[in-house]
Structure formats: C-alpha cells, structure tokens
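This report concerns only the one structure given below.
Just so you know, residue 1 is the first one in the sequence shown, and it goes up from there.
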Amino acid sequence: MKKIRLAIIGLGRLGRKCAEAIAADQTAELAGVVRRPESATEPWLKAPLVTHVSELDKVDVALICVPVDAVMGVAQDLLRSRIPVVECARLHGESFLGHKAEIHRDALRHKVSAIVGAGCDPGVLSLFRSQFALLAPRGHTETSLHTGSSLHHTLAAAGIKGAKQALATERLSRTDTPQRYVYVELEPSADAAEVENALVNDSLFRDEETLVFPVPSIAALEETNRGVVLERHAAAGEASHASFLLEARYDEAGLAARMMLAAARTLPSLQAGAYSLLDLPPGALWGEQRPAVEKEWM
C-alpha cells in the first residue's frame, strides 16, 4: 500500500508529536518539516528541515502546527500551492464557522481539500459531544476541562512547608498497585529532601506509595497533563432520563496529533472544499485501523 506523504508546518510541541505519530504509523511517512530559519537543528528528526514547503519533494498533505493567529495565513499559502491541509486551530462558535468558511472559499478556488478543527477541542471532544447529542437529542452538555490530577491531594501537597506549587496524580505500577506521583515546585530556599519527607509522612499520603519529583515549573507540567469531564443530560420530562458521562486524562498535543493524522488519511477521498470532522463520511477516520478497532468491541 502506498504511504501518504505528510509535511509538518511548525515544530513546536504539537509538531513534534505529529512527527512521533507519523514515525509510528505504517501508512504514513514524513516528507519534511517547515520551520523558522533561526530554529535549532533537530538531529533526532529523520526528515528534511526547510523554511518553505516548496523545498520538499512530493507532499500529499500538510499538517499545520502553528499558533492559532498564524493558521489562516499558512493555510492560504499551502492551498495556493495546491497542497491539502489539516489544521487544529482552537476556535469555537461563530469564530470557528467564519474560519471554516474562509478556508472553504480558498480550497474551492484552488481545487483542493482541507480539514479544519481536527485537534483535541475542537476535534476529538467534538466527536464525543455529537455522539452524546445523538443519544440524548433533547438536553444539554456540560464540559469541564481540568488538569489530569487529584485535586484533594494536590491542594494538600501544595500546603506542605517549602512547596510553592504542587500537582498530584495517581498511576498504576508495573505490578498494578496504585502509586501516587507528586510533582513539587519548591520555594527558592526550600530543601527538597525535607519537603519530600514531610509529604510522604503526611497522613493523607500514607495509604499509598508516594513518589515525589521536584520540578522547575508546575505550570509547564500542567500543559502536558490535561483532563476533561463531559456530561450530557436529557431534558427534564424525557421518559428515559438518560445521562452520559465521559471522564478522560490525556496528553493534549499527543491526542491532537493522532487526530490530525487520522484526518489526513481521509483527504485523498474528499472533493475540494473545507470540512470539519462532523462533515466526514461515517467510518472515514478509521482507515486501515477499522478491523482492529472492531475486534475491541465485538
């Protein structure tokens, strides 16, 4: 089977995750990465690094991984070059619809296809919201975004003397026993060993093995550890009284990269124009993964 050749535009955190996802996928290959001229070299990347997509050999689809305010200009340049695009600009409501309409006009003008909002939110969470709305058409959906952490234990850890900020999570060890991971941003004068000793001996943390990791910045750590609670409640008076709940923890950039890759595989089968994930034919995103996925629920 012929592999789809993908270019990555931008090599920030999302761009790096896209490169990892492509490297692990047997149906895709990385044609190259477009990044700023002053960017550092990337010896780990087994693909050309260029300053414009025109410097790359055949590109089937470009994955746009730039800040949201730069997405439109990049998309228009790629569409003028007749290169289909996938982007994941974090836009909602009227802003998203206007953004999609503008890209749609350019895609039609240059006779290529584009998929917009193919990231995490909009993107993955949009698909879940639509399925919940299908099952409970009269009702309302609540979305609560948060870091993938234990709030109660996080607050307790942040209260330890010497801890400026903290983030507590729970994981299973290789032997399937619970472990509590506590990341601590220390006060400038704090002693890491004293903070760790006070924390692991706190009554709230004694029930499970607790591992303490000093980190330079909790804010930076939280960017890699997202969570969401998605709830759909049927309208009052509905006979079924249905309600649906999704709780998830995930690496936002990694999830967006996998969604963008899945969307890219659908582009060769689409006519010119811009599409959201909800516009795609049923099952289109599965691609070659569908038989394996079916075994999971059969």
Side-chain angles (χ1 to χ4, degrees), residues 1-68 70-89 103-104 106-120 123-124 251 253-277 280 284-289:
M1 175 180 166
K2 184 180 178 182
K3 292 185 177 182
I4 185 171
R5 286 179 55 82
L6 303 169
I8 296 173
I9 315 299
L11 197 58
R13 189 157 183 276
L14 176 59
R16 290 169 180 268
K17 289 295 183 181
C18 283
E20 292 174 8
I22 293 169
D25 192 287
Q26 296 182 349
T27 68
E29 62 181 334
L30 183 57
V33 176
V34 178
R35 50 79 180 272
R36 295 189 300 270
E38 66 275 14
S39 300
T41 58
E42 302 289 345
W44 61 274
L45 196 62
K46 308 300 182 184
L49 289 167
V50 299
T51 58
H52 193 270
V53 72
S54 61
E55 301 172 57
L56 296 176
D57 290 335
K58 185 176 177 344
V59 173
D60 296 318
V61 178
L63 307 181
I64 301 176
C65 304
V66 300
V68 63
V71 168
M72 182 59 72
V74 170
Q76 290 173 331
D77 181 55
L78 290 164
L79 293 172
R80 278 195 296 270
S81 300
R82 302 289 178 88
I83 298 175
V85 302
V86 174
E87 57 95 311
C88 62
I103 289 183
H104 183 65
D106 283 324
L108 288 177
R109 183 180 302 119
H110 300 294
K111 299 180 180 179
V112 288
S113 54
I115 296 179
V116 299
C120 187
V124 177
D251 173 3
L255 199 63
R258 288 190 289 275
M259 187 76 264
M260 293 179 78
L261 181 54
R265 294 193 201 96
T266 72
L267 280 172
S269 65
L270 299 178
Q271 295 182 350
Y275 303 80
S276 73
L277 296 180
L280 301 180
L285 291 169
W286 295 121
E288 294 298 315
Q289 301 180 59

Only residue of L280, T266, V86, V116 satisfying side chain to side chain contact (heavy atoms under 4.5 Å, CB included) with Y275 is L280
I need the single residue from V34, V66, L45 that forms a side chain to side chain contact (heavy atoms under 4.5 Å, CB included) with L11. Which is it?
L45
So L63 and L14, do their side chains get closer than 4.5 Å, heavy atoms only?
no
Heavy-atom side-chain proximity of D251 to K17 below 4.5 angstrom
yes
Applying side chain to side chain contact (heavy atoms under 4.5 Å, CB included), name anything that partners R258, two or more places apart in sequence or on another chain.
L255
Side-chain donor-acceptor pairs under 3.5 Å in residues 106-113, sequence neighbours left out?
residue: D106; atom: OD1; partner: R109; partner atom: NH1; Å: 2.3
residue: D106; atom: OD2; partner: Q76; partner atom: NE2; Å: 3.1

What pairs of residues pass the side chain to side chain donor-acceptor pair (under 3.5 Å) test when at least one of them lies in residues 79-89, not counting sequence neighbours?
E87-H99
Which heavy atom of [X] sits nearest to which heavy atom of [Y], and what is that distance?
X	Y	answer
A75	I103	CB-CD1, 4.2 Å
A47	G32	CB-CA, 4.1 Å
A114	L267	N-CD2, 3.9 Å
L277	A118	CD2-CB, 3.9 Å
M260	C88	SD-SG, 3.7 Å

Between K2 and D60 (salt bridge meaning N to carboxylate O under 4.0 Å), is one present in this structure?
no
Give a yes or no on whether a salt bridge exists between E42 and R35, defined as a side-chain N under 4.0 angstrom from a carboxylate O.
no
